[in-house]
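What follows is a single structure, written as structure tokens, with notes after it.
A quick note: this is a predicted structure, and the numbers were derived from the prediction, not measured.
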Amino acid sequence: MSAPAPSPLAIVDAEPLPRQDEVLTDAALAFVAELHRRFTPRRDELLAGRAERRAEIARTSTLDFLPETAAIRADDSWKVAPAPAALNDRRVEITGPTDRKMTINALNSGAKVWLADFEDASAPTWENVVLGQLNLIDAYTRDIDFTDPRSGKSYALKPAEELATVVTRPRGWHLNERHLQLDGTPVPGALVDFGLYFFHNARRLIDLGKGPYFYLPKTESHLEARLWNDIFVFAQDYVGIPRGTVRATVLIETITAAYEMEEILYELREHASGLNAGRWDYLFSIVKNFRDGGSKFVLPDRNAVTMTAPFMRAYTELLVRTCHKRGAHAIGGMAAFIPSRRDAEVNKVAFEKVKADKDREAHDGFDGSWVAHPDLVPIAMASFDAVLGEKPNQKERLREDVSVAAGDLIAIDTLDAKPTYEGLRNAVAVGIRYIEAWLRGMGAVAIFNLMEDAATAEISRSQIWQWINADVVFENGRHATAELARAVAAEELAAIRAEIGDEAFTTGKWQQAHDLLLQVSLDQDYADFLTLPAYEQLG
């Protein structure tokens, strides 16, 4: 008697989308279901492990390199796999969501790599999840064009040799996809995003001389990297392509992962491509993990914490040294500025800051860096061209001059800057504006001439929470309190209403965004991720 067929994935509470059957094929859903059966139980264990580690940090207010993996760090013999040709030169990478216009513009941008984002720059509506996959399929088959309904401007792909290499970022481990369920249990969003993309495009990408390449977000430990490695091995065997075809770049955007960079590369070494140094999520992770640690862990205004802060410098220099020691790419942070079409002076000042930032990264040994807008590609390219010349990267710069002690990574109190009242106002203003757009399905949002994503909202609400719970006194003598945050939020909401008018205000999700920001900023029970309660309200 044959075994019963495994139950299929169910599409739950989702309006049908045009051409969704090209993405949600029976074969693709069967693959995602198999990923879910095999790997979600371990995902669940690892999420529980995060909570246990957080409790330990709350108890000790410290972190250290892991004694149990000291042998891996001490062994100089191992390296990650050599980079494939399509990922050997990564000097400028552009980031952005996978809507149709962005897909064309990012591929055409002149950047070496496009981070095609299903994570922080994409609100996970069912439409964004499914049609984003469709846009990537259409791009690889060159069946993609776009005409802007407002401007009438048309967009089409440049010749194949001029297009950026795609590195896709699935959602983090903590997020589920409620519209795809197996026996009533939602599938992790990471497995949905990875599974659909890999299943449809792995062979197609190999034929194009590239491969299925991924950015892995929100990683907190080498055990989470091990899970991804096991998924890659299974997926490659499943579709019959060689092991090592998948390549992964891990975002070191949590404080715990910063203590396990070598181990993360080791776990993924057959599939590892590099590590990336972010800023907002990294700071958010410090606040989240050390929120019980007292005044020495209180961060100043987010814009005062630059990459030259001593504890951020320790993190980025250790990342470069670690990557180059192991033959991996070190990718720098984001230039989020959006050029103004109206204010040349704003552009001049911002471009100078972007150039200084990218010059610093290139001189520190990074092999590439991120921008959020095509107009910044030439600026970042010039910074890296000046250092790299004709070389594809600078992995030969081993940075053996770098020595980082465990305490250096969490020496927050080496900063002179203090939280300000204007910093509180900015956190509230940006938080409300970002969350409102996210609830309408937009994950990459232009706010005050910067391209913001979910990490912005996370650091904003975390800082409000931290300052209130640490009883910070601002320079004007006012105490950070829940009452003050509510008053500032009310003023901000009124200002937005006056700015955009009653009709736009009432048709938007402004009150909802205001309420959600205050909920996650003021609740004593700190939410691990803002996107978890926000997802419950997403249409």
Side-chain angles (χ1 to χ4, degrees), residues 90 92-97 111 113-122 167-174 214-221 224-225 248-261 264-265 273-289 299 302-309 311-320 322-323 328-337 354 357-358 360-361 364-373 376 380 409-410 412 430 434 443-444 450-460 462-463 529-531:
R90 303 177 61 170
V92 181
E93 305 191 352
I94 192 167
T95 71
V113 165
W114 170 35
L115 186 161
D117 201 8
F118 289 93
E119 200 232 1
D120 271 5
S122 180
V167 181
T168 297
R169 181 162 71 169
R171 280 168 279 182
W173 279 128
H174 58 288
F214 297 92
Y215 259 112
L216 305 180
K218 308 285 191 289
T219 300
E220 296 198 14
S221 74
E224 295 179 17
T249 307
V250 180
L251 293 112
I252 303 299
E253 56 187 355
T254 67
I255 185 63
T256 53
Y259 287 86
E260 299 183 37
M261 288 193 264
I264 286 167
L265 286 175
S273 178
L275 303 176
N276 167 272
R279 179 156 55 138
W280 298 146
D281 262 320
Y282 189 74
L283 295 177
F284 155 53
S285 174
I286 290 172
V287 174
K288 176 163 64 173
N289 279 287
L299 288 171
R302 70 171 178 132
N303 292 321
V305 189
T306 67
M307 293 307 245
T308 59
F311 70 99
M312 296 298 279
R313 193 118 183 91
Y315 150 61
T316 55
E317 296 216 300
L318 180 61
L319 187 144
V320 171
T322 300
C323 285
H329 280 75
I331 308 297
M334 169 72 83
F337 176 68
V354 171
D357 190 46
K358 300 310 171 191
R360 175 188 53 77
E361 288 180 327
D364 280 352
F366 281 96
D367 303 292
S369 189
W370 284 5
V371 299
H373 192 281
L376 300 183
L409 295 169
I410 49 174
I412 314 304
V430 171
Y434 181 81
L450 296 175
M451 184 62 78
E452 308 287 20
D453 68 8
T456 306
E458 291 285 25
I459 185 60
S460 295
S462 296
Q463 294 211 278
F529 293 95
L530 156 70
T531 44

- Ile410 side chain reached by Tyr259 side chain, heavy atoms, under 4.5 Å: yes

- Item | Non-hydrogen atoms of Pro217 and Leu251 that approach each other most closely | CA-CD1, 3.6 Å

- When rounded to the nearest 0.5 angstrom, what is the spacing between CG in Leu216 and CG in Leu275? 10.0 Å

- Where do Tyr215 and Ile331 land on the side-chain contact (heavy atoms from CB on, under 4.5 Å) test, with the steps shown first? CA-CA 11 Å; Tyr215 259 112; Ile331 308 297; 3.7 Å; yes

- Hey, is the main chain of Gly443 close enough, under 3.5 Å, to the side chain of Tyr434 for a donor-acceptor pair? yes

- By side-chain hydrogen bond (donor to acceptor under 3.5 Å, both in side chains), which residues pair with Thr456, not counting sequence neighbours? Glu452

- Item | Separation of Glu224 CD from Lys218 NZ (nearest 0.5 Å) | 12.0 Å

- Query: If you take all heavy atoms of Thr219 and Ala225, which pair is closest and at what distance?
  - Reply: CG2-N, 4.4 Å

- Taking the side chain from Glu361 and the backbone from Gly333, do they hold a donor-acceptor pair closer than 3.5 Å? yes

- Looking only at atom types and distance, does a side-chain atom of Glu93 sit under 3.5 Å from a main-chain N or O of Trp370, one as donor and one as acceptor? no

- State, with a plain yes or no, whether a side-chain heavy atom of Phe366 is found less than 4.5 Å away from one of Lys358. no

- Item | Under 3.5 Å: donor-acceptor pair, side chain of Asp367, backbone of Ala330 | yes

- Task: Please check if any side-chain donor atom of Ser273 sits under 3.5 Å from a side-chain acceptor atom of Arg90, or the reverse.
- Result: yes

- Query: Looking only at heavy atoms, what is the nearest atom pair of Phe214 and Pro170, with distance?
  - Reply: CD2-CD, 4.4 Å

- Atom pair CG/CG of Asp281 and Asp120 - distance to nearest 0.5 Å: 5.0 Å

- 4.5 Å side-chain heavy-atom contact, Ile286 and Phe311: yes

- Do Arg279 and Met307 touch side chain to side chain, with heavy atoms closer than 4.5 Å? yes

- Task: Indicate the atoms forming the closest heavy-atom contact of Arg313 with Asp364, along with that distance.
- Result: NH1-OD2, 2.6 Å

- Rounding to 0.5 Å, atoms CG (Leu115) and OG1 (Thr249) come to a distance of 9.0 Å

- CD on Glu260 to CD on Glu220, rounded to 0.5 Å: 10.0 Å

- Query: Between atom OG of Ser462 and atom CZ of Arg302, what is the distance when rounded to the nearest 0.5 Å?
  - Reply: 11.5 Å

- Modelled atom types, side-chain donor and acceptor of Arg169 and Thr95, under 3.5 Å: no

- Which heavy-atom pair separates Leu530 from Ala457 by the least distance, and what is that distance? CD2-CB, 3.4 Å

- Query: Side chains of Met312 and Leu283: does their closest heavy-atom pair fall under 4.5 Å?
  - Reply: yes

- Message: For Ile94 versus His373, what's the shortest heavy-atom pair and its separation?
- Response: CD1-C, 3.9 Å

- Message: Which label fits Phe529 and His174: parallel for a plane angle under 30°, tilted from 30 to 60°, or perpendicular past 60°?
- Response: parallel

